[in-house]
Amino acid sequence: MHISQLEFGQLRLLDALRTKGSVSHAAEALGLTQSAASHSLSRLRRILGDPLFVRAPGGMVPTPRGARIADAARAALATLDEALRDTGSFDPATADRVFRVYMNEVGQMVMLPRLLDHLRRHAPGVALKIGTLPDQQPGTQLENGEVDLAVGHITTLSAGFHQRLLFHEHYVCAVSPDHPSFGAGMTEAAFREARHAVTGTRAMAHRVVEEALLRHGIVRRIGLEAPEFIALPFVIPASDLVVTMPGGLADHLAGTMPLRILPPPVPLPSYEIRMFWHERAHHDAANIWLRNLFVELFRRTPATA
């Protein structure tokens with residue numbers, strides 16, 4: 001068949017069905033009656049010679065061909081929406097826009113307060129929707145325009161993506177201010193003997209900590225293993241634990257809770273925090289403004305890091 005046989009409303013219906021998983025919910029989202037949506041779906045099935053969506057216990061799910069066509073419809077609609085919204089300029093003071101950004105939990109704690117404060121003062125109509133980079137097909141939503149930017153230590157985005165270094169992050173150790181083993185500061189012996197708080201995932205850049213310590217013959221005594229890293233600093237003030245953590249987060253938390261920040265006992269490698277965006281958004285005025293804002297707020301040169 002040829003694309004000329006399809007109508008714009010049918011593309012929107014396919015996208016809505018993929019998202020909502022129900023004819024009635026898709027119809028409601030599009031402002032259609034359920035009868036009209038069902039009729040349109042039936043016509044699509046006849047034209048394409050495929051059921052497209054079939055009933056399942058959790059709702060309607062796409063057939064393999066239905067999934068491919070629905071995904072293509074979503075990408076086409078996103079491209080058209082971007083073209084219609086693009087005026088060639090972006091005024092943050094008057095803009096009414098939601099930016100979607102991939103950012104991990106540490107980045108959220110460190111960056112979001114400054115971002116939101118800036119938006120409140122200079123771009124009151126701009127909102128943020130934050131998500132975490134998925135393990136599977138991490139670039140898909142950046143490619144189709146559903147996500148504007150990805151920020152962090154990311155090694156899974158390459159072809160088709162632009163990137164810019166924001167800063168190098170380093171590791172520090174955090175302990176309770178009255179921890180008896182570190183009264184004279186950090187020593188390798190005290191670090192070896194202390195109990196440590198770690199995550200079970202060893203996610204992202206933090207795997208390099210374990211590897212670097214092992215190269216120095218240091219095996220940490222684990223006193224707490226948590227599923228997520230972000231909870232660890234909050235348990236330190238009332239414990240005898242040590243947590244090795246990103247310096248930016250340590251600086252952020254040290255102003256709000258009793259933490260003593262110490263250098264690690266052996267050299268640990270730093271890692272890069274970069275922002276990534278897809279080629280399709282490279283010349284978009286709004287995306288350019290967002291990227292420049294991250295540079296303005298978070299770019300650190302070696303002298304200031």
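Below, all heavy atoms of this structure are taken into account, side chains as well, without hydrogens, waters or symmetry copies. Everything numeric in this text was worked out from a predicted model, so none of it was measured.
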Q) Under 6.0 Å from the NE2 atom of H25, do we count more than 12 heavy atoms belonging to anything else shown? A) no

Q. Taking the side chain as C-beta and beyond, is there a heavy-atom pair between V242 and L262 under 4.5 Å?
A. no

Q.
Is there a side chain to side chain contact (heavy atoms under 4.5 Å, CB included) between F294 and L115? Walk through the geometry before answering.
A. CA-CA 8 Å; F294 269 86; L115 271 173; 3.6 Å; yes

Q) In terms of hydrophobic clusters joined by side-chain contacts under 4.5 Å, are M109 and I154 together? A) no

(Q) Assess, by modelled atom type and distance only, whether the side chains of T33 and S35 contain a donor and an acceptor separated by less than 3.5 Å. (A) no

Q | H216 side chain vs I218 backbone, donor-acceptor pair below 3.5 Å | A | no

Q. Which heavy atom in P92 sits nearest to a heavy atom in W289, and how many Å separate them?
A. CG-NE1, 3.4 Å

Q | Ring-face cation contact, Y102 with R100, 6.0 Å cut, 45° max | A | no

Q) Can you tell me if S40 uses its side chain to pair, donor with acceptor, with the backbone of A36 under 3.5 Å? A) no

(Q) If I compare all heavy atoms of P62 with all of A67, which pair ends up nearest, and what's the gap? (A) CB-N, 3.6 Å

Q: Say whether H153 and E169, considering side chains only, have a donor N or O and an acceptor N or O under 3.5 Å apart.
A: no

(Q) What verdict does the salt bridge (Lys or Arg N to Asp or Glu O under 4.0 Å) test give for R97 and D91, after you've listed the backbone C-alpha separation in whole Å, the side-chain angles of each residue and the deciding distance to 0.1 Å? (A) CA-CA 11 Å; R97 169 77 182 261; D91 181 5; over 6 Å; no

Q) Distance from M60 atom CE to L41 atom CG, nearest 0.5 Å? A) 5.5 Å

Q) Below 4.0 angstrom, N of the basic side chain to O of the carboxylate: do D50 and R45 qualify? A) no

Q) Do the ring planes of F182 and H179 sit parallel (below 30°), tilted (30 to 60°) or perpendicular (above 60°)? A) perpendicular

Q. Which distance, rounded to the nearest 0.5 Å, do you find between the CZ of R260 and the OG of S176?
A. 10.0 Å

**Q.** Pairing of R120 and D117 as salt bridge, 4.0 angstrom limit
**A.** yes

Q. Measuring from E193:CD to R195:CZ, what's the distance to the nearest 0.5 Å?
A. 12.5 Å

Q) Hey, is NE2 on H282 packed in by over 12 heavy atoms from elsewhere, all under 6.0 Å? A) yes

Q. Any donor and acceptor pair, going by atom type alone, linking the side chain of R280 with main-chain N or O of E143 inside 3.5 Å?
A. yes

Q: State, with a plain yes or no, whether a side-chain heavy atom of E296 is found less than 4.5 Å away from one of H118.
A: yes

**Q.** Nearest non-hydrogen partners of A174 and L259, listed with the distance
**A.** CB-CD2, 4.4 Å

Q) Roughly how far, to the nearest 0.5 Å, is the CG atom of L249 from the CE atom of M245? A) 4.0 Å

Q) Between atom OG1 of T199 and atom CG of L232, what is the distance when rounded to the nearest 0.5 Å? A) 6.5 Å

Q. Once you round to the nearest 0.5 Å, how far does NE2 of H283 lie from CG of N287?
A. 11.0 Å

Q.
Give me the atom names and distance for the closest heavy-atom approach of A281 to R291.
A. O-NH1, 3.3 Å

Q) Do NZ/NE/NH1/NH2 and the carboxylate oxygens of R220 and E210 come within less than 4.0 Å? A) yes

Q) With no hydrogens and no angle check, is any side-chain donor or acceptor of H196 less than 3.5 Å from a backbone partner on F191? A) yes

Q) Which pair of non-hydrogen atoms, one from P233 and one from M257, has the smallest distance, and what is that distance? A) O-SD, 3.7 Å

Q: Report yes or no: do F99 and M103 belong to one cluster of Ile/Leu/Val/Met/Phe/Trp/Tyr joined by side chain heavy-atom distances under 4.5 Å?
A: yes

Q | Closest contact, heavy atoms only, V172 versus P264 | A | CA-CD, 4.2 Å

Q | Distance-only side-chain donor-acceptor flag, R74 / T19, under 3.5 Å | A | yes

